[in-house]
Student: 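Just dropping this structure here.
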Amino acid sequence: MSEDSSKSTHFGFKTVEADKKADMVAGVFHSVATRYDIMNDVLSFGIHRLWKRFTIECAGARPGMKVLDLAGGTGDLTAKFSRLVGDTGEVILADINDSMLKVGRSKLRDKGIVNNVNYVQANAENLPFPDNTFDIITIAFGLRNVTDKDAALKSMQRVLKPGGKLLVLEFSKPKHAIMNKAYDLYSFKMLPMIGKMIAHDADSYEYLAESIRMHPDQETLKGMMENAGLEQVDYINMTDGVVALHRGYKF
């Protein structure tokens, strides 16, 4: 489906006008922002920390590099990158949602992470940075919420430096039928129930489960990244493909 502002797109399993999706997604994350971290730990049984750690390892950040943590939410990746790039580097935590940015900024400042981190409210489809700016871009569990994913990937490719790397960490499609059935049961039964108990918001977590199912599978996303101009694109499945890390380079 083409996803421009004059057409329809999906919001979970619902069909909505494309130009309204961003506001609807914003409502979800305004609702969950203050409990986002604890919900990540509860819903993933803490495994999200391993997925993110592997992403950091694959990024290969070094002192002096400039990193964009896009859809960076509450700053888990930013905190790690800040230490790796050091005083001579810079990390920009960018998110379209100001509630998430405020939570992330408060969390990082409480940890004493101040000097080399900046915050930008930005739409992934039209990043407000010059061409060839970043050595590394990560987007973790954010691409599925973007209305026009092709435009976002092209925007990321544009602001990467030659030789730069894009890493997309996202929920994907389990490889085996047994895992797929168990994952469906957990996502559509347990996840909204836990969301209601802890975050007092079942609807947002029902949307999150649906948005995962509507996200492109591993091979489709690989092709989308290649179409955006990225090269040597590959992906690594984790937890049987429940999550995949896609990697691509700009040359």
Student: So among H246, K222, E219, which one has a side chain to side chain donor-acceptor pair (under 3.5 Å) with Y235?
Tutor: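 Exactly one pass, corresponding to E219.
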Student: Could you check whether D95 and Q121, counting side-chain N and O atoms only, form a donor-acceptor pair closer than 3.5 Å?
Tutor: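 No, because no side-chain N or O of Q121 sits under 3.5 Å from a partner of the opposite role on D95.
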Student: With distance as the sole test, does T133 use its side chain to make a donor-acceptor pair with the main-chain N or O of P130 at under 3.5 Å?
Tutor: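 Yes; judged by distance alone, with no hydrogens or angles, the pair exists.
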Student: Stepwise, does the side chain to side chain contact (heavy atoms under 4.5 Å, CB included) test hold for F134 with M156?
Tutor: CA-CA 9 Å; F134 298 100; M156 293 178 224; over 6 Å; no
Student: Which heavy atom of K250 sits nearest to which heavy atom of L160, and what is that distance?
Tutor: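 So the two residues come closest at NZ-O, 2.8 Å.
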Student: Among V242, T239, L143, which residue satisfies the side-chain contact (heavy atoms from CB on, under 4.5 Å) criterion with F171?
Tutor: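 Among V242, T239, L143, the one that satisfies the side-chain contact (heavy atoms from CB on, under 4.5 Å) with F171 is V242.
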Student: So, S44 versus W51: side-chain donor-acceptor pair below 3.5 Å or not?
Tutor: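 No pair is found: no donor N or O on one side chain lies under 3.5 Å from an acceptor on the other.
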Student: Got a donor-acceptor contact below 3.5 angstrom from the Q218 side chain to the A244 backbone?
Tutor: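 No; judged by distance alone, with no hydrogens or angles, the pair does not exist.
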Student: Under 4.0 Å between a side-chain nitrogen and a carboxylate oxygen: does that hold for D234 and R247?
Tutor: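 R247 and D234: salt-bridged.
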Student: Around D110, counting heavy atoms of other residues, nucleotides and ligands shown, do more than 12 lie under 6.0 Å from its CG?
Tutor: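 It does: D110 CG has more than 12 such atoms within range.
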Student: Let me know which of R53, R49, K52 forms a side chain to side chain donor-acceptor pair (under 3.5 Å) with D76.
Tutor: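 With D76 as partner, side chain to side chain donor-acceptor pair (under 3.5 Å) holds for just one option, K52.
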Student: I'd like to check V120 versus P128 (side-chain heavy atoms, cut-off strictly below 4.5 Å). Are they in contact?
Tutor: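 Yes, close enough: below the 4.5 Å cut-off.
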Student: Counting only N and O atoms by type, is there a donor-acceptor contact under 3.5 Å from the side chain of K149 to the main-chain atoms of E125?
Tutor: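 It does not hold such a pair.
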Student: Can you check salt bridge (charged side-chain N to carboxylate O under 4.0 Å, His left out) on K175 and D240, steps first, answer last?
Tutor: CA-CA 6 Å; K175 294 171 62 179; D240 197 56; 5.5 Å; no
Student: Within a reach of under 6.0 Å around NZ of K154, are more than 12 heavy atoms found that belong to other residues, nucleotides or ligands?
Tutor: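 Incorrect, the count does not exceed 12.
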Student: Between E170 (side chain) and G142 (backbone), is there a donor-acceptor pair under 3.5 Å?
Tutor: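 It does hold such a pair.
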Student: Find the distance between CG (N97) and NZ (K102) and round it off to the nearest 0.5 Å.
Tutor: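 It comes to 9.5 Å.
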Student: Can you name the closest pair of heavy atoms from R144 and S211 and give their distance?
Tutor: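 In terms of heavy atoms, the two residues are closest at NE-OG, 2.9 Å.
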Student: Please examine the side chains of V243 and S172, heavy atoms only from C-beta on, and report whether any two atoms are closer than 4.5 Å.
Tutor: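 The answer is no; the side chains never approach within 4.5 Å.
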Student: Can you tell if the side chain of Y183 reaches within under 4.5 Å of the side chain of I212, non-hydrogen atoms only?
Tutor: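 Sidechains of I212 and Y183: in contact.
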Student: Of all the heavy-atom pairs spanning R213 and S187, show the shortest one and how long it is.
Tutor: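 Shortest heavy-atom contact: NH2-OG, 2.9 Å.
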Student: Could you check whether the rings of F45 and Y186 sit parallel, tilted or perpendicular, using 30° and 60° as the cut-offs?
Tutor: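 Geometry flag for Y186 against F45: tilted rings.
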Student: To the nearest 0.5 Å, tell me how far T78 OG1 sits from Y119 OH.
Tutor: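 Those atoms lie 7.0 Å apart.
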Student: Does the side chain to side chain contact (heavy atoms under 4.5 Å, CB included) test come out yes or no for F141 and L169, once each step is laid out?
Tutor: CA-CA 6 Å; F141 306 114; L169 180 66; 3.6 Å; yes
Student: Under the side-chain contact (heavy atoms from CB on, under 4.5 Å) test against S82, which residue among I113, L93, L77 passes?
Tutor: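 Of the listed options, the one satisfying the test is I113.
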Student: Are any side-chain N or O atoms of N180 and backbone N or O atoms of P174, one a donor and one an acceptor, separated by less than 3.5 Å?
Tutor: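 Pair absent, no side-chain N/O of N180 close to backbone of P174.
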Student: To the nearest 0.5 Å, what is the distance between CG (D148) and CG (N123)?
Tutor: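 If I round to the nearest 0.5 Å, the distance is 9.5 Å.
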Student: Find out if a path of hydrophobic residues (ILVMFWY) with successive side-chain heavy-atom gaps under 4.5 Å connects Y249 to I56.
Tutor: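 No, Y249 and I56 fall in different hydrophobic clusters.
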Student: Would K165 and I137 count as a side chain to side chain contact (heavy atoms under 4.5 Å, CB included) if you check the C-alpha gap in whole Å, the side-chain angles of each, and the deciding distance to 0.1 Å?
Tutor: CA-CA 6 Å; K165 181 190 301 185; I137 298 175; over 6 Å; no
Student: Can you tell which of L153, I136, L68, L70 makes a side-chain contact (heavy atoms from CB on, under 4.5 Å) with L166?
Tutor: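 Single side-chain contact (heavy atoms from CB on, under 4.5 Å) partner of L166 among L153, I136, L68, L70: L153.
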Student: Taking all non-hydrogen atoms of both residues into account, name the closest pair between E90 and I92 and its distance.
Tutor: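 Answer, listing the atom of E90 first, then I92: OE2-CG1, 3.8 Å.
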Student: Evaluate salt bridge (charged side-chain N to carboxylate O under 4.0 Å, His left out) for R62 paired with D135, printing each intermediate quantity in order.
Tutor: CA-CA 10 Å; R62 302 187 303 275; D135 298 287; over 6 Å; no
Student: Any sub-3.5 Å donor-acceptor pair from T88's side-chain atoms to G64's backbone N or O?
Tutor: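 Flag set: sc T88 to bb G64 pair under 3.5 Å.
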Student: Could you verify whether a donor N or O on one side chain and an acceptor N or O on the other, from D217 and T220, lie under 3.5 Å apart?
Tutor: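 A pair is found: one side chain offers a donor N or O, the other an acceptor, under 3.5 Å apart.
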Student: Quick check for you: to the nearest 0.5 Å, what is the distance between L167 atom CG and E57 atom CD?
Tutor: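 Taking CG in L167 and CD in E57, the distance rounds to 12.0 Å.
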Student: L50 and F54: same hydrophobic cluster, using ILVMFWY side-chain contacts below 4.5 Å?
Tutor: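 The answer is no; the residues belong to distinct hydrophobic clusters.
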Student: What's the separation between atom CZ in F188 and atom CD in E210, rounded to the nearest 0.5 Å?
Tutor: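 Output value for this atom pair is 6.0 Å.
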Student: Scan I139, V233, T138 and name whichever one has a side-chain contact (heavy atoms from CB on, under 4.5 Å) with V168.
Tutor: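 Of I139, V233, T138, side-chain contact (heavy atoms from CB on, under 4.5 Å) with V168 is met by I139 alone.
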Student: Restricting to non-hydrogen atoms, name the atom on L127 and the atom on A122 that form the minimum distance, rounded to 0.1 Å.
Tutor: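 Minimum heavy-atom separation between L127 and A122: CD2-CB, 4.5 Å.
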Student: Indicate yes or no: at least one non-hydrogen side-chain atom of S106 is less than 4.5 angstrom from one of R109.
Tutor: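 Sidechains of R109 and S106: no contact.
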Student: State, to 0.1 Å, how close V146 and A152 come at their nearest heavy-atom pair, and which atoms those are.
Tutor: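 Closest approach of V146 to A152, heavy atoms only: CG1-CB, 3.9 Å.
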Student: When rounded to the nearest 0.5 angstrom, what distance separates NZ in K161 from CE in M65?
Tutor: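 Reported value, rounded in 0.5 Å steps: 8.0 Å.
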